[in-house]
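When reading the values below, keep in mind they use all heavy atoms of this one structure, side chains included, and skip hydrogens, waters and symmetry mates. Since we're looking at a predicted model, the values are computed, not measured. A note on names: the letters A, B, ... follow the listed sequences, proteins ahead of strands, and every chain is numbered from 1.
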2 protein chains.
Amino acid sequence: MTKASALHRPHLVKRLAAEGIRLTAQRKMLVEIIQDSSDHLDAASLLRLAKKRDSHIHRATVYRTLDLLKRLSLIDELDLMHLEGEKHFYEVRTKSEHFHLACFRCGKIVEHKTPTFELLKKEISKQTGFRINVIRLEVGGECRNCGAQSSNLPRKVGVP
Amino acid sequence: MTKASALHRPHLVKRLAAEGIRLTAQRKMLVEIIQDSSDHLDAASLLRLAKKRDSHIHRATVYRTLDLLKRLSLIDELDLMHLEGEKHFYEVRTKSEHFHLACFRCGKIVEHKTPTFELLKKEISKQTGFRINVIRLEVGGECRNCGAQSSNLPRKVGVP
DNA sequence: CATCTGATGCGACTGAGTCGCATTAAGTCA
DNA sequence: TGACTTAATGCGACTCAGTCGCATCAGATG
């Protein structure tokens with residue numbers, strides 16, 4: 001489950017400071033790990049990585065920090081179609097909307113982007129009057145590779 | 001959390017039979033409850049309703065049946081932006097794609113539909129080569145009403 | 001540097017969902 | 001219709017993600 005890119009590195013720590021958020025050592029560390037990760041991390045993985053740097057950091061701190069970053073719209077929460085259990089994954093929010101495709105067969109996660117998605121977002125606001133804070137599009141199915149190879153059962157969902 | 005409509009009633013029991021699925025009393029009952037509900041049910045609510053008819057039905061049967069219906073693409077699973085905990089909600093899959101908007105302030109769930117969403121789905125298939133089994137779009141924010149009334153904190157996610 | 005207040009660590013707890021296994025009951029066929 | 005086969009159910013123990021209350025700690029501020 002590797003992220004497509006970690007190119008731009010918006011300095012989240014600075015943005016936290018700008019918000020007047022108390023900058024604890026733990027928060028700095030967690031934010032750095034999230035930013036530097038090339039994967040979509042879930043809470044447990046984040047905790048595991050954090051413990052390598054400070055073995056005393058606690059699960060609750062990780063959850064509280066993720067909550068904070070979510071509320072500040074600095075990160076987005078993903079389900080990735082619950083391909084592996086009920087956990088959530090996190091990624092730094094970028095300016096341009098993208099979404100995720102999950103292959104039920106091989107488990108691959110692909111990030112994708114198209115102007116139609118941006119258009120859709122604008123349209124939704126206009127049509128419904130919602131002020132959109134979060135928009136999450138997830139697609140589950142069979143990637144090109146897997147579709148080419150066979151016609152067995154998808155792993156979790158789909159035609160039986 | 002009331003569903004917009006329960007107008008068309010695709011007879012899921014018949015579709016199960018058509019698939020050669022063993023039609024147990026429990027499955028029939030659960031499918032009926034899901035179909036007849038005007039709400040998005042979560043597993044616990046479904047169990048509660050089912051127990052009114054057959055007090056011996058077990059949690060595990062509910063989860064197994066939901067899994068079955070998901071695999072058969074007869075129902076869709078929703079998060080509804082985790083407005084109330086981590087549970088999932090379910091609805092009968094209809095032919096036309098719609099999606100859900102959740103207001104972080106008042107908790108209202110709105111179903112919405114626009115041709116752009118259908119277009120987006122086709123585009124994704126074409127551009128990525130994915131055979132799409134499930135597509136889930138969820139929007140979180142502030143509904144028109146709540147936005148008009150105040151400018152306090154959203155309930156769970158968003159600007160602090 | 002002293003103070004104030006919000007954040008952390010901790011461990012117990014909750015709630016959703018899963019699993020293995022003994023028992024039950026659909027579907028089938030004579 | 002009744003016997004048979006096999007899948008589904010009920011059950012309870014279990015797992016795993018996430019939460020909570022509270023005592024302690026440490027940023028920020030003057």
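- In terms of position on DNA chain D, the residue among Ile21(A) and Ile57(B) whose nearest nucleotide sits closer to the 5' end is Ile57(B).
- Screening Glu123(A), Lys122(A), Lys121(A) for a side-chain hydrogen bond (donor to acceptor under 3.5 Å, both in side chains) involving Thr116(B) leaves a single residue, Glu123(A).
- In the interface, the side chain of Arg64(B) is paired with the base of dG10(D) through a donor and an acceptor atom under 3.5 Å apart.
- Closest approach to the His88(B) side chain among dT9(D), dG18(D), dG17(C) is made by dG17(C) (side chain taken as heavy atoms from C-beta onward).
- In this structure, of dG17(C), dG12(D), dC10(C), it is dG17(C) that holds the atom nearest to the side chain of Glu86(A).
- When heavy atoms are screened at a 4.0 angstrom cut-off, Ala44(B) is found touching no nucleic acid atom at all.
- You won't find any donor-acceptor pair under 3.5 Å spanning the side chain of Arg59(B) and the base of dG15(C), going by distance alone.
- Between His98(B) and the choices His112(B), Glu91(B), Lys113(B), Glu118(B), the side-chain hydrogen bond (donor to acceptor under 3.5 Å, both in side chains) rule is met once, by Glu91(B).
- At dT9(D), one or more side-chain N or O atoms of Thr24(B) fall inside 4.0 Å of OP1 or OP2 (strictly under the cut-off).
- For a distance-only test at 3.5 Å, the side chain of Arg22(A) fails to qualify as a donor-acceptor partner of the base of dA7(C).
- Protein atom CG of Asp42(B) is 7 Å distant from nucleotide atom P of dA16(C), rounded to whole Å.
- In this structure, Gln26(B) places its CD atom 10 Å from C1' of dT24(C), rounding to the nearest Å.
- For Thr61(B) and dA8(D), the shortest distance from a side-chain N or O to OP1 or OP2 is not below 4.0 Å.
- Around NZ of Lys14(A), the count of heavy atoms belonging to other residues, nucleotides or ligands within 6.0 Å does not exceed 12.
- Among the nucleotides dA28(D), dG12(D), dG17(C), the one closest to any side-chain atom of Leu23(A) is dA28(D).
- At the phosphate of dG17(C), OP1 or OP2 sits under 4.0 Å from a side-chain N or O atom of Tyr63(B).
- Between the CD atom of Glu84(B) and the P atom of dA16(C) there is a distance of 11 Å, rounded to whole Å.
- A distance of 6.0 Å or more separates the ring centres of His40(B) and Tyr90(B).
- Distances shown here put every side-chain N or O of His58(B) at or beyond 4.0 Å from the OP1 or OP2 atom of dA8(D).
- Following rounding to the nearest Å, His82(A) (NE2) and dA17(D) (C1') show an atom-to-atom distance of 12 Å.
- Closest-nucleotide positions on DNA chain D for Ala25(A) and Ala60(A) were compared, and the one nearer the 5' end corresponds to Ala60(A).
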